[in-house]
Structure formats: C-alpha cells, structure tokens
Number of protein chains: 2
Amino acid sequence: MSAPPDAAFAALADGTRWKVLVRIGREPASASALARELPVSRQAIVKHLEVLAAAGLVFSQRRGREVVHVAVGERLSALGRDLDRIGQGWDDRLAVLKEAAEGG
Amino acid sequence: MSAPPDAAFAALADGTRWKVLVRIGREPASASALARELPVSRQAIVKHLEVLAAAGLVFSQRRGREVVHVAVGERLSALGRDLDRIGQGWDDRLAVLKEAAEGG
DNA sequence: CCCTGATGCAACCGTGGGGTTGCACAGGAG
DNA sequence: CTCCTGTGCAACCCCACGGTTGCATCAGGG
C-alpha cells in the first residue's frame, strides 16, 4: 500500500513541531513549560500540540490546572514501518533503471 | 537519536508531491509525462522533483532529450526505520504516564 | 533543414500556516 | 479571599510554498 496519510507528514514536517514532539517524547510537559524551553510563544506551542494531537501523535492529560502532553509512538512506528516497506519496493525499480542507464 | 529529518518530512508532506513520488516509484517518467497525468502544470512537477531530489528521494537520468526520474527508496526506508525506533522509545514513557493517570 | 516536443528559467500570484499579541477565565497556593 | 499562573479563544501579520504563465533553448524525427 502506498497511501500513508500525508496529514501525518504535514504534522512532522515543521522543525519546531518536531522539537516539541521529541521533547514530550523524552518527558511529559505542559504547553507553558514547553513555551519556556522553546523560543516560541505558548500559543504557538498550543497550535503545534493541536496539530500533533489531530495526527494522533500526542496524548494529553489534565493534571489539576495543567494539561500535560506526551508523545505517542505507536502512530509514528506504524508510519515508519510503512515507509520502510514502500522504499523497499522502489529500490527494485531503481536497480532496473540504473542498469539500463549503464548498459546503454 | 532523534535527528531532525524535518527536511525529508517537508518533502513528503505535500499531497501532489507524494503522488509524483509514488508514481515515479511505480515507473520512471519525465516531467512532461507526469504533467500529463496529474492535474498540475509541468513547472509545478519540476519544482516538486527538485524538492524531492534535494531530499535525496529521486534519481534523475537524461535519456536523449528527456530527463527520466525515478524514486529512490533507500532514504525513505532509512527514515522509516528511524521513525519506528523513535516511536518505540516514546511508548515506554507513555505507558508510565498512563499508569500514573489511572493510578491517581 | 525544419518542425515538434521536452526542458530550463524567471516573474508573478494567492493562500495557508507558523507566529504573535491581547484578553478573559479557571483553579491552586498563600 | 486574593494573587499567581496555566489555559482557552480570537484577531491579526507575514512569508514561504504550491501553482501558473510566458518565453527561450535544445535535441530528435522526417
């Protein structure tokens, strides 16, 4: 199958968002906490978390007056395995093309 | 390792670009040929191919007056394996958090 | 040689998305 | 009760990016 939801890619494509994801993968944190660590406003963080949540990449949990977020690896792993598999298939065709190029 | 592969993600994030990539993964094609198949101009295709090439995801070969492009799976597979691995690590932490949430 | 079709380059356009600021509201800590 | 701090919502800004059009160029085929 070659239909990985580009939505997931879009979620991972942004540098800041990736940092956020990696950070909360290392240890859960609130939006405010993340905003203190990264050079962007809390609102920016919130938006990133929303995108990541929509992509099923983060799990959020209200802890008192805070909302703690943590990265969910399941989706990422699944996506990763898909990519790996897809890439395998491509390389077969690539070999053929390169061969043809060299041969004539 | 959680190296920022956001460059590769950015290349994969766009829907049209992904279609192009999948298409030339199935079989090599020129920009003009792709432009005929997809609902975008040749120039748009060319730009996508440039982005993909910059990400090391396509291999281009001049064949007479045409330039044939084909998808390279190697990078994609490597990226996929990275994602899988990273995701694994996250899920460990996630388990801890969820446990704490349920426990109190 | 001449016509056709593929590529290359450049200018231009519109939208989306990342980022910000401001403000109102809620819930602990003292 | 009263601060302090974390969240939520909304309006707004700006630039990168996907896409287009136009034109010049180059390589094969008849």
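Just so we're on the same page: letters track the sequence lines, and every chain starts at 1. All values reported here derive from a predicted model rather than from experimental measurement.
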Within less than 4.0 Å of OP1 or OP2 of [N], is there a side-chain N or O belonging to [X]?
X: B/Ser32; N: C/dT7; value: yes
X: A/Ser41; N: C/dT20; value: yes
X: A/Arg65; N: C/dA29; value: no

- Task: Please confirm whether any donor atom in the side chain of A/Arg42 sits under 3.5 Å from an acceptor in the base of D/dG8, or the reverse.
- Result: yes
- Message: Quiz question: going by heavy-atom distance under 3.5 Å, is there a donor-acceptor pair between the base of D/dG19 and the side chain of B/Lys47?
- Response: yes
- The side chain to side chain contact (heavy atoms under 4.5 Å, CB included) partner of B/Leu34 among B/Val40, B/Ile24, B/Val46 is B/Ile24
- Note on the structure: Pairing string of DNA chain C (Watson-Crick or G-U wobble, both atom distances under 3.5 Å; | = paired to other strand) is ||||||||||||||||||||||||||||||
- Item | Along DNA chain D (nearest heavy atom to each residue), the more 5'-positioned of A/Ala31 and B/Ala44 | A/Ala31
Distance in Å, [X] [atom1] paired with [Y] [atom2], rounded so as to fall on 0.5 Å steps:
X: A/His69; Y: A/Ile45; atom1: NE2; atom2: CD1; answer: 9.5 Å
X: A/Glu74; Y: B/Gln88; atom1: CD; atom2: CD; answer: 10.5 Å
X: B/Leu57; Y: B/Arg17; atom1: CG; atom2: CZ; answer: 10.0 Å

Given atom [atom1] of [X] and atom [atom2] of [N], what is their separation to the nearest angstrom?
X: A/Leu38; N: C/dT20; atom1: CG; atom2: C1'; result: 16 Å
X: B/Gln61; N: C/dA6; atom1: CD; atom2: P; result: 18 Å
X: B/Leu49; N: D/dG18; atom1: CG; atom2: P; result: 13 Å
X: B/His69; N: C/dG8; atom1: NE2; atom2: C1'; result: 12 Å
X: A/Ile45; N: C/dG18; atom1: CD1; atom2: P; result: 12 Å
X: A/Arg62; N: C/dA26; atom1: CZ; atom2: P; result: 11 Å
X: A/Glu66; N: D/dT5; atom1: CD; atom2: P; result: 13 Å
X: A/Arg63; N: D/dT7; atom1: CZ; atom2: P; result: 13 Å

- Task: Could you check which of C/dG18, C/dG8, D/dG19 has an atom nearest any side-chain atom of B/His48?
- Result: D/dG19
Across the strands shown, which category fits [X] at heavy-atom distances under 4.0 angstrom: base, sugar-phosphate, nothing?
X: A/Ser30; answer: sugar-phosphate
X: B/Gln43; answer: base
X: A/Val67; answer: sugar-phosphate

- Task: Between A/Val51 and A/Gly64, just flag the one whose closest nucleotide in DNA chain C comes earlier from the 5' side.
- Result: A/Val51
- Message: Between the side chains of B/Asp84 and B/Arg81, is the shortest nitrogen-to-carboxylate-oxygen separation below 4.0 Å, so that they form an ion pair?
- Response: no
- Any pair with a residue in residues 29-39 of chain A that passes salt bridge (charged side-chain N to carboxylate O under 4.0 Å, His left out), sequence neighbours left out, goes on the list, sorted by first then second residue, please. A/Arg23-A/Glu37
- Item | Hphob cluster co-occupancy, B/Ile86 + A/Val51, side-chain heavy atoms under 4.5 angstrom | no
- Message: Please tell me whether A/Leu49 and A/Val22 are part of a single hydrophobic cluster in this structure, the criterion being side-chain heavy atoms less than 4.5 Å apart.
- Response: yes
